[in-house]
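Data block below; observations after.
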Amino acid sequence: MTRPYDLIIVGAGLYGAVIAQQAVGCGLRVLVIEKRDHVAGYCYSFPDAQTGLIVHRHGAHIFHTKQKYIWDYVNRFAQFVPYVHRVRARIGGITYPLPINLSTLRDFFGVSLEANEVDHFLSLQRGTFREPQNFEEKAVNLVGWKLYEGFVRNYSAKQWGVAPKDLPSTMKLQIDVRPSTDDRYFGDRYQGVPVDGYTPMIQRMLTGADLELGVDFCQEPHRWQKLTKGLVYTGPLDRYFNFRHGPLKWREITHELKVCSPASKLESPVVNINDDSSDCTRIADYSQLSASSHTGGPIVLGWERLTSVNDNERAYVENRVLKPVRFDEEEERLVKYQRDASREHHVYFGGRMADYRLYDMEHVVALALKAARSIVSQTSSGTLNHRV
Ligand SMILES: Cc1cc2nc3c(=O)[nH]c(=O)nc-3n(C[C@H](O)[C@H](O)[C@H](O)COP(=O)(O)OP(=O)(O)OC[C@H]3O[C@@H](n4cnc5c(N)ncnc54)[C@H](O)[C@@H]3O)c2cc1C
């Protein structure tokens with residue numbers, strides 16, 4: 001049977017776009033189908049109508065990587081503003097630099113420490129739980145009660161919807177205490193934000209591929225599979241398999257954008273709300289993230305909040321923005337779905353939703369470039385197999 005496409009890619013997010021770009025570059029006939037009415041998935045950006053500032057619809061996105069080949073790759077499709085990301089934590093109306101560093105310790109505790117004094121200072125604060133039974137004990141063992149209560153407790157509870165003492169100790173702890181005054185949020189050499197946003201970057205990557213927007217693959221999977229030799233699926237894994245092992249657990253992220261007066265400008269491009277004064281986790285200031293020269297007029301701020309997801313199907317159909325919750329129970333369910341995925345012929349799963357992982361964009365680019373090599377070679381040789 002003649003199939004009009006070598007590859008159909010489900011999802012015009014970053015993962016799908018990189019695969020499409022590589023496949024088209026190798027001469028494959030590619031169709032990308034996307035259920036939203038626009039490309040770019042979670043990275044979607046647009047110029048705000050009132051201020052002209054480029055805003056990131058689902059939350060501030062900063063591209064950062066240590067890898068030159070990844071940086072060189074994305075720079076083929078976008079011009080990046082030289083940018084160093086800085087974040088502050090708001091606690092009790094005062095903001096402190098993040099990650100916690102010498103300046104944070106000075107402002108928070110009122111102590112002036114040298115780099116070689118930090119470890120001793122923390123050792124006086126640290127908890128002494130022999131075998132931490134939960135996330136709280138693990139964090140207290142690392143930084144002590146005061147830093148934990150200020151910086152970790154409320155923020156983690158808002159992130160996960162569960163008090164840290166009810167979170168497993170196996171959860172990854174992301175608290176960095178730097179024995180320096182380096183307040184760069186990411187230590188990566190390469191970081192930036194595209195001058196005209198992520199949407200044009202993805203559009204450029206998709207050049208040469210056919211694109212159909214507003215099409216939900218899961219409503220007619222067989223129709224699309226008949227048209228192609230191979231399929232790349234970047235949507236949620238449980239939905240592809242019609243929830244046969246039960247739904248995977250997610251938190252929903254909302255990002256409420258508002259035009260505000262210039263007086264509302266934040267102390268840094270992103271301010272985390274680490275106390276319990278608000279249900280918001282962080283606020284982004286697009287006058288500091290946008291490349292468009294800000295004239296001093298109104299600015300755009302974005303408030304991020306997280307809530308639980310009770311109905312996966314509905315959340316997927318409504319294109320909500322989701323963050324995986326990988327506790328032990330989910331890992332077991334995920335393994336079952338991954339086993340099923342490895343048995344699918346001609347279907348390649350990848351990206352944040354199909355892998356059910358919290359990837360940054362650099363990971364997505366690296367994984368997609370690697371997967372594309374294998375997908376292209378298998379598709380070209382006609383020996384399509386399964387997951388790469
Ligand atoms: C709030 C937030 C902030 C972030 N900040 C950063 C940051 O600062 N730096 C960073 O590096 N990364 C950041 N990330 C991560 C980054 O957004 C992701 O790593 C990246 O966008 C994932 O790309 P993807 O293609 O895997 O997934 P997605 O962007 O989700 O793309 C998947 C696409 O598939 C489509 N799709 C799904 N199912 C179907 C279907 N059945 N039929 C058709 N289409 C379908 C979806 O609509 C979507 O467009 C952030 C993420 C979020 C949510």
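Numbering of ligands and ligand atoms starts at 1, following listing order.
From the protein, the heavy atom lying nearest to atom 21 (O) of ligand 1 is C43 SG, 3.2 Å. In this structure, the protein non-hydrogen atom closest to atom 35 (C) of ligand 1 is E34 OE1, 3.3 Å. Closest to atom 18 (C) of ligand 1 among all protein heavy atoms lies Y359 O, 3.8 Å. I62 N, 3.5 Å is the protein heavy atom nearest to atom 7 (C) of ligand 1. Given atom 53 (C) of ligand 1, the protein heavy atom at minimum distance is V321 CG1, 3.5 Å. Distance from atom 11 (O) of ligand 1 to its nearest protein heavy atom, with residue and atom name: M361 N, 2.7 Å. The closest protein non-hydrogen atom to atom 39 (C) of ligand 1 is K35 CE, 3.5 Å. For atom 29 (O) of ligand 1, the nearest protein heavy atom (residue, atom name, distance) is Y42 N, 2.8 Å.
The aromatic ring centres of H61 and Y42 sit 6.0 Å or more apart. If you look at Y337 and Y356, their ring centroids are not closer than 6.0 Å. Between H85 and Y83, the ring center distance clears the sub-6.0 Å criterion.
Between D360, V193, T254, I19, it is D360 that holds the heavy atom closest to atom 12 (N) of ligand 1. Among H61, E220, Q191, the residue whose heavy atom lies nearest to atom 52 (C) of ligand 1 is H61. Proximity annotation for atom 40 (C) of ligand 1: of V10, T234, V215, V10 comes nearest, heavy atoms only.
Within the 3.5 Å criterion, the main-chain N or O of I283 finds no donor-acceptor partner in the side chain of E304. Judged by distance alone, with hydrogens and angles left aside, the side-chain atoms of T234 form no donor-acceptor pair with the main-chain N or O of G350 at under 3.5 Å. Side chain of Y359 to backbone of E362: no donor-acceptor contact under 3.5 angstrom is found. Judged purely by atom type and a 3.5 angstrom limit, D340 has no side-chain atom pairing as donor or acceptor with the backbone of Q338.
The shortest N or O to N or O distance between F217 and ligand 1 is under 3.5 Å. For Y15, a nitrogen or oxygen atom sits less than 3.5 Å from a nitrogen or oxygen atom of ligand 1, counting backbone and side chain alike. Considering backbone and side-chain N/O of I253, none are found under 3.5 Å from N/O of ligand 1. Inclusion of N319 in the set of residues having an N or O under 3.5 Å from an N or O of ligand 1 is not warranted. Looking at R352 next to ligand 1, an N or O pair under 3.5 Å apart turns up.
The shortest separation from a heavy atom of V39 to ligand 1 is not under 4.0 Å, leaving the residue out of contact. Judged by the shortest distance from any of its heavy atoms, F63 lies outside the 4.0 Å radius around the atoms of ligand 1. The shell of residues lying under 4.0 angstrom from ligand 1, judged by heavy atoms, includes R239.
Note: F243 and Y316 have parallel aromatic rings, judged against thresholds of 30 and 60 degrees for the angle between ring planes. Between Y44 and H38, the angle of the ring planes stays under 30°, which puts this pair in the parallel group of the 30/60° scheme. Using bins of under 30°, 30° to 60° and over 60° for the plane-to-plane angle, the ring pair F109/F121 lands in the perpendicular bin.
Residue contacts with ligand 1, taken as heavy atom pairs separated by less than 4.0 Å, involve V364 solely via side-chain atoms from C-beta onward. Contacts of H58 with ligand 1, taken as heavy-atom pairs under 4.0 Å, involve the backbone alone. For A60, every heavy-atom contact with ligand 1 shorter than 4.0 Å involves the backbone, none the side chain.
For ligand 1, the atoms closer than 4.0 angstrom to any heavy atom of G235 are 37 (C), 38 (N). Residue G351 has at least one heavy-atom neighbour below 4.0 Å for each of these atoms of ligand 1: 26 (O). For ligand 1, the atoms sitting less than 4.0 Å from at least one non-hydrogen atom of C218 are 41 (N), numbered in the order shown with element in parentheses.
Both cation-pi conditions hold for K258 and W303: the charged atom is under 6.0 angstrom from the six-membered ring centre and inside a 45 degree cone around its axis.
Under the 4.0 Å criterion applied to side-chain N and carboxylate O atoms, D238 and K249 are not assigned as salt-bridge partners.
Considering only heavy atoms from C-beta on, H363 stays 4.5 Å or farther from R352 through its side chain.
Applying the ring-ring contact (aromatic ring centres under 6.0 Å, His included) test between H64 and each of Y190, Y185, F186, F80 identifies F186 as the sole match.
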Could you pull out every donor-acceptor pair under 3.5 Å between side chains of residues 201-208 and any protein atom, sequence neighbours left out?
from	atom 1	to	atom 2	distance (Å)
R204	NH1	F77	O	2.6
R204	NH2	D196	OD2	2.6
T207	OG1	R204	O	2.7

